Amino acid sequence: MAEITQDSILAALKTVKDGDEDIISKNMVSGIQIKDGHVAFAIEVPPERGPQLEPLRREAEKAVHALPGVISATVVLTAEKQASPQAAQPHPQHSHGPGGAPHGQGRPMGGGPNAAPENFLPEVKSIVAVASGKGGVGKSTTAVNLALALAAIGNKVGLLDADIYGPSIPRMLGISGQPESSDGKTLDAKENYGIKSMSMGLLVEEDNPVIWRGPMAQSALIQMIRDINWGALDVLVVDMPPGTGDIHLSLAQQVPLTGAVIVTTPQDIALADARKGLNMFRKVEVPVFGIIENMSYFLCPHCGERTNIFSADGGVDEAKRMETDLLGQIPLDTEIRETSDSGEPIVATKPESKHAKAYIEIAKIISAKVAQALVKKSESTPNIVMQ
Ligand code: ADP
């Protein structure tokens with residue numbers, strides 16, 4: 001395979017013009033990353049020009065894609081100048097890890113509530129975000145088992161690891177290796193245990209972490225979601241980064257989420273964290289399907305006695321107070337931890353276990369809520385009646 005270098009990319013981009021001058025001379029290109037034939041970079045544009053520059057973005061993508069050895073070219077528009085002095089240099093320094101580039105989707109961040117385009121992922125029927133107010137509550141474990149449970153009840157499921165700061169889905173699903181591209185444009189999702197998945201953890205080298213700046217992280221994520229070949233899916237589960245920062249807001253605004261689920265532990269449920277997550281989705285008019293209380297109680301492995309970590313009805317009461325539903329309670333259990341940490345999630349490997357059944361019950365409720373939300377959405381779209 002021909003070697004792709006920064007210089008060959010810069011030379012190709014010198015042919016792409018914005019007005020009278022090429023985009024390299026105008027210092028518009030930054031963050032070039034090359035890995036195994038996959039190239040990614042950003043074109044920095046003034047926010048007000050973003051919407052008009054889609055043709056320029058496409059031209060740059062085409063120019064780089066035409067280079068020998070390039071399997072995929074991912075070019076994103078970013079409306080914000082990077083804080084780093086590298087941004088001002090015509091020869092960006094990055095040279096590792098594709099998939100990590102800023103992206104403004106051709107428009108400035110932060111349109112109104114859920115300003116996502118309708119044809120975002122035409123083959124994906126619904127997208128459900130799994131979020132938490134803070135890290136360590138078992139959000140990823142829940143997202144993995146929930147995705148598997150949704151598949152167990154008959155859905156075609158994808159799982160996107162959007163937790164770009166600590167991607168754990170590859171480990172939890174036992175997947176590894178660089179993603180491949182069968183059409184040379186999009187990355188094929190990986191498949192294991194009957195569900196498709198993709199994670200930024202598969203795109204960047206562990207010893208060469210990409211430094212995610214705020215706007216860069218947001219754009220990279222949206223770009224990654226768009227550039228994955230998921231095939232036809234009934235539901236795409238998105239394991240969100242923990243917390244409720246800008247990245248969540250922009251994701252919720254730019255990805256047409258069908259609904260969101262908040263994972264919390266019993267001690268956090270009473271605190272502000274779960275509420276923060278809930279309010280964020282409500283602000284951008286994404287329906288919140290409810291909360292899942294994780295590590296909710298402890299079942300004695302010897303006598304089977306249930307010990308509640310906090311009060312048994314705390315979750316129900318808090319959910320009511322937050323005007324949402326308690327979708328289910330998952331116990332604190334070493335088997336859940338061990339199976340999830342070793343890449344053998346309990347729903348896939350022990351589907352008859354009590355814990356797997358708990359996830360499946362939650363998946364049934366979520367499935368029904370997704371169906372409801374889709375009907376509601378189709379009802380709000382005007383129909384043309386022929387007489
Ligand atoms: P988060 O995504 O919220 O940071 P993780 O899903 O990575 O959290 O979980 C953090 C740790 O807690 C992991 O080691 C995981 O195996 C463990 N864990 C998650 N849920 C449970 C549970 N219900 N019982 C026991 N351990 C759990």
Side-chain angles (χ1 to χ4, degrees), residues 128-149 159-175 193 195 197-201 206 212 217 221 237-245 247-248 251 260-269 271-278 280-281 291-301 304-310 312 314-315 326-351 353-363:
V128 176
V130 177
S132 64
K134 62 169 201 184
V137 299
K139 173 183 53 58
S140 298
T141 304
T142 307
V144 165
N145 281 300
L146 193 60
L148 291 163
L159 174 61
L160 173 78
D161 186 359
D163 190 349
I164 49 177
Y165 301 108
S168 49
I169 299 297
R171 176 172 46 83
M172 289 185 178
L173 272 182
I175 53 170
Y193 300 121
I195 64 169
S197 64
M198 182 54 73
S199 165
M200 201 68 91
E206 258 175 55
W212 299 104
L221 194 54
V237 175
V238 181
D239 180 17
M240 300 280 282
T244 49
I247 193 160
H248 303 77
L251 202 116
V261 169
I262 314 280
V263 180
T264 131
T265 54
Q267 61 271 43
D268 298 315
I269 208 171
L271 300 175
D273 292 315
R275 197 180 299 263
K276 257 193 261 163
L278 208 92
M280 185 197 68
F281 286 111
I291 49 184
I292 298 175
E293 196 183 67
N294 189 36
M295 309 195 217
S296 166
Y297 58 95
F298 177 72
L299 272 188
C300 174
E305 192 196 339
R306 172 174 170 148
T307 310
N308 292 308
I309 313 283
F310 284 80
L326 181 68
L327 301 169
Q329 293 171 308
I330 302 292
L332 171 73
D333 192 284
T334 44
E335 212 178 9
I336 295 179
R337 185 182 60 72
E338 281 166 12
T339 49
S340 115
D341 292 352
S342 65
E344 296 166 332
I346 196 154
V347 172
T349 54
K350 294 185 178 168
S353 66
K354 231 188 252 171
H355 302 328
K357 285 183 179 155
Y359 285 112
I360 287 171
E361 285 313 306
I362 295 174

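Worth saying up front: this structure is predicted, and the values here are computed from it rather than measured. Just so you know, ligand 1 is whichever comes first in the structure, and atom 1 is the first atom listed for that ligand.
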Trainee: Please report the C-alpha distance between Leu173 and Tyr193 in whole Å, then the side-chain angles of each, then the deciding distance to 0.1 Å, and finally whether the side-chain contact (heavy atoms from CB on, under 4.5 Å) criterion is met.
Mentor: CA-CA 8 Å; Leu173 272 182; Tyr193 300 121; 3.9 Å; yes
Trainee: Looking only at atom types and distance, does a side-chain atom of Asn294 sit under 3.5 Å from a main-chain N or O of Val137, one as donor and one as acceptor?
Mentor: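 Side chain of Asn294 to backbone of Val137: a pair is present.
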Trainee: Has Ser199 got a side-chain atom pairing as donor or acceptor with Pro167's backbone, closer than 3.5 angstrom?
Mentor: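 No; judged by distance alone, with no hydrogens or angles, the pair does not exist.
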Trainee: What I'd like to find out is whether the side chain of Asp163 reaches to under 4.5 Å of the side chain of Pro241, using heavy atoms alone.
Mentor: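 SC-SC contact between Asp163 and Pro241 confirmed.
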Trainee: Return yes if some donor-acceptor pair links the side-chain N/O of His355 with the main-chain N/O of Ile330 below 3.5 Å, else return no.
Mentor: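 No.
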Trainee: Could you pull out all residues at least two apart from Ser140 that satisfy side-chain hydrogen bond (donor to acceptor under 3.5 Å, both in side chains)?
Mentor: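 Residues passing side-chain hydrogen bond (donor to acceptor under 3.5 Å, both in side chains) with Ser140: Ser168, Asp239.
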Trainee: Give me the pairs of N or O atoms, one from ligand 1 and one from the protein, that sit under 3.5 Å apart.
Mentor:
unit_1	atom_1	unit_2	atom_2	d
ligand 1	2 (O)	Lys139	N	3.4
ligand 1	2 (O)	Ser140	N	2.8
ligand 1	2 (O)	Ser140	OG	3.0
ligand 1	3 (O)	Gly136	N	3.3
ligand 1	3 (O)	Val137	N	3.1
ligand 1	3 (O)	Gly138	N	2.9
ligand 1	3 (O)	Lys139	N	2.8
ligand 1	4 (O)	Gly136	N	2.9
ligand 1	6 (O)	Ser140	N	3.3
ligand 1	6 (O)	Thr141	N	2.8
ligand 1	6 (O)	Thr141	OG1	2.6
ligand 1	8 (O)	Gly138	N	3.1
ligand 1	14 (O)	Asp341	OD1	3.3
ligand 1	14 (O)	Asp341	OD2	3.0
ligand 1	16 (O)	Ser340	OG	3.4
ligand 1	16 (O)	Asp341	OD1	2.9
ligand 1	16 (O)	Asp341	OD2	3.4
ligand 1	20 (N)	Asn294	ND2	3.0
ligand 1	23 (N)	Asn294	OD1	3.0
ligand 1	23 (N)	Pro331	O	2.8
ligand 1	24 (N)	Asp333	N	3.0
ligand 1	24 (N)	Asp333	O	3.3

